[in-house]
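Counting begins at 1 with the first residue of the sequence.
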Amino acid sequence: MTPRILLDTANIPNSGGELRLFQRGQEFSIMLGSNELMNSRLSGSEEALATLPCERLSDRTAARLLIGGLGMGFTLRAALPLLGATAEVVVAELVPAVVKWARGPMAAIFDGSLSDPRVTIETADVFDLISHNHGFYDAILLDVDNGPEGITHASNDRLYNSAGLIAAQKALRPGGILAVWSSAPDAKFTRRLTDVGFAVEEAPVRARGKRGAHHMIWLAQN
C-alpha cells in the first residue's frame, strides 16, 4: 500500500486548530484532528457549489463572484469556464498556508486557475469582505467549515446566523445568489435563510459524481 505522507501543518488563526496536509500517491487530503475536511478524489459537491449558481446567472457577462474558502480549488475551477471574459472572482482564504499549498504541492490540481486574470486571492476572512462590500457581488459561494454547523472555528457561526445572512443579502446585487455548501441538510438553516427574505432552493448533491456521500447546497436568491 502506498504510504500516506504528512507534507505540512498550519494553524488556523484565532486558535482554530491545526490543519494537516497529507499526500498518498496522487491523492491529497486536508485533516483537522480526526476529521478529513477535503480530499482530492471527492470534488463533485464543491464543483456543484459553482455550477448551480453560475448557470442561474449566465446572462451576467461581467459577474462578480466571491468564493469563501479556497480549499483544493474545485469550486474556483468549476466557476471559471462558466463566466465571461470580464468577470471578477475573489477567493477569500483565511489560512495563508492553504494558498501556499495550492501554489506548491497541489499546483497540478489547481491547473493554472490561480493565474487566471479574472481571479484575485485574498488572505482574509470572507466575513470581512461580505461586510464591507454592499451591493457588489452577483454571487457569494461559501464552502467554509463543515457548513452551518461548523467544526473548525466558532467564529464561522457569524456567517450562518441571521445577522450574517442579512450581511450577505446586503452584499449581493438584486437577483444575486448566496450559495452555501454543507456536509448535511439543516432545516434550521433553511428557515433562517427564508426568514431573512431569501428565496431558497435546497439542492442535494453527491460528493463524487453519482457516488459518494450526500451533501447539501443551498441556493438563496436575493
Roughly how far apart are [X] [atom1] and [Y] [atom2], rounded to 0.5 Å?
| X | Y | atom1 | atom2 | result |
| --- | --- | --- | --- | --- |
| Arg24 | Ser29 | CZ | OG | 7.5 Å |
| Leu76 | Leu65 | CG | CG | 9.5 Å |
| Thr75 | Glu46 | OG1 | CD | 6.0 Å |
| Ile121 | Leu70 | CD1 | CG | 5.5 Å |
| Ile177 | Leu52 | CD1 | CG | 9.0 Å |
| Arg173 | Leu57 | CZ | CG | 10.5 Å |

Salt-bridge present ([X], [Y]; N to O < 4.0 Å):
| X | Y | answer |
| --- | --- | --- |
| Asp8 | Arg20 | no |
| Glu201 | Arg56 | yes |
| Asp116 | Arg77 | no |
| Lys188 | Asp186 | no |

Looking just at side-chain N and O atoms, do [X] and [Y] make a donor-acceptor pair shorter than 3.5 Å?
| X | Y | result |
| --- | --- | --- |
| Glu47 | Ser43 | yes |
| Ser45 | Trp181 | yes |
| Thr120 | Glu88 | no |

Is there a donor-acceptor contact under 3.5 Å from the side chain of [X] to the main chain of [Y]?
| X | Y | result |
| --- | --- | --- |
| Thr194 | Thr190 | yes |
| Arg4 | Phe22 | no |
| Glu18 | Leu32 | no |

- Item | Heavy atoms of other groups near Glu55 CD, more than 12 under 6.0 Å |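 Count over threshold, so yes.
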- Go through Arg158 and Asp125 one step at a time and tell me if the side-chain contact (heavy atoms from CB on, under 4.5 Å) criterion holds. CA-CA 11 Å; Arg158 63 181 179 168; Asp125 190 324; 2.7 Å; yes
- Query: Can Leu142 be reached from Leu82 by stepping across I, L, V, M, F, W or Y side chains whose heavy atoms are under 4.5 Å apart?
  - Reply: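 Leu82 and Leu142: separate clusters.
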- Query: Under a single-linkage definition using a 4.5 Å side-chain heavy-atom cutoff for Ile, Leu, Val, Met, Phe, Trp and Tyr, are Ile5 and Trp101 assigned to the same hydrophobic cluster?
  - Reply: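 Per the 4.5 Å side-chain linkage, Ile5 and Trp101 are co-clustered.
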- May I have the step-by-step check of side-chain contact (heavy atoms from CB on, under 4.5 Å) for Cys54 and Leu83, ending in yes or no? CA-CA 7 Å; Cys54 286; Leu83 300 171; 4.0 Å; yes
- Task: Carefully, step by step, assess Asp138 and Leu172 under the rule side-chain contact (heavy atoms from CB on, under 4.5 Å).
- Result: CA-CA 6 Å; Asp138 294 283; Leu172 289 167; over 6 Å; no
- Honestly, is Arg64 close enough over Phe136, meaning NZ or CZ under 6.0 Å from the six-membered ring centre and within 45° of the axis?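 Satisfied, under 6.0 Å and within 45°.
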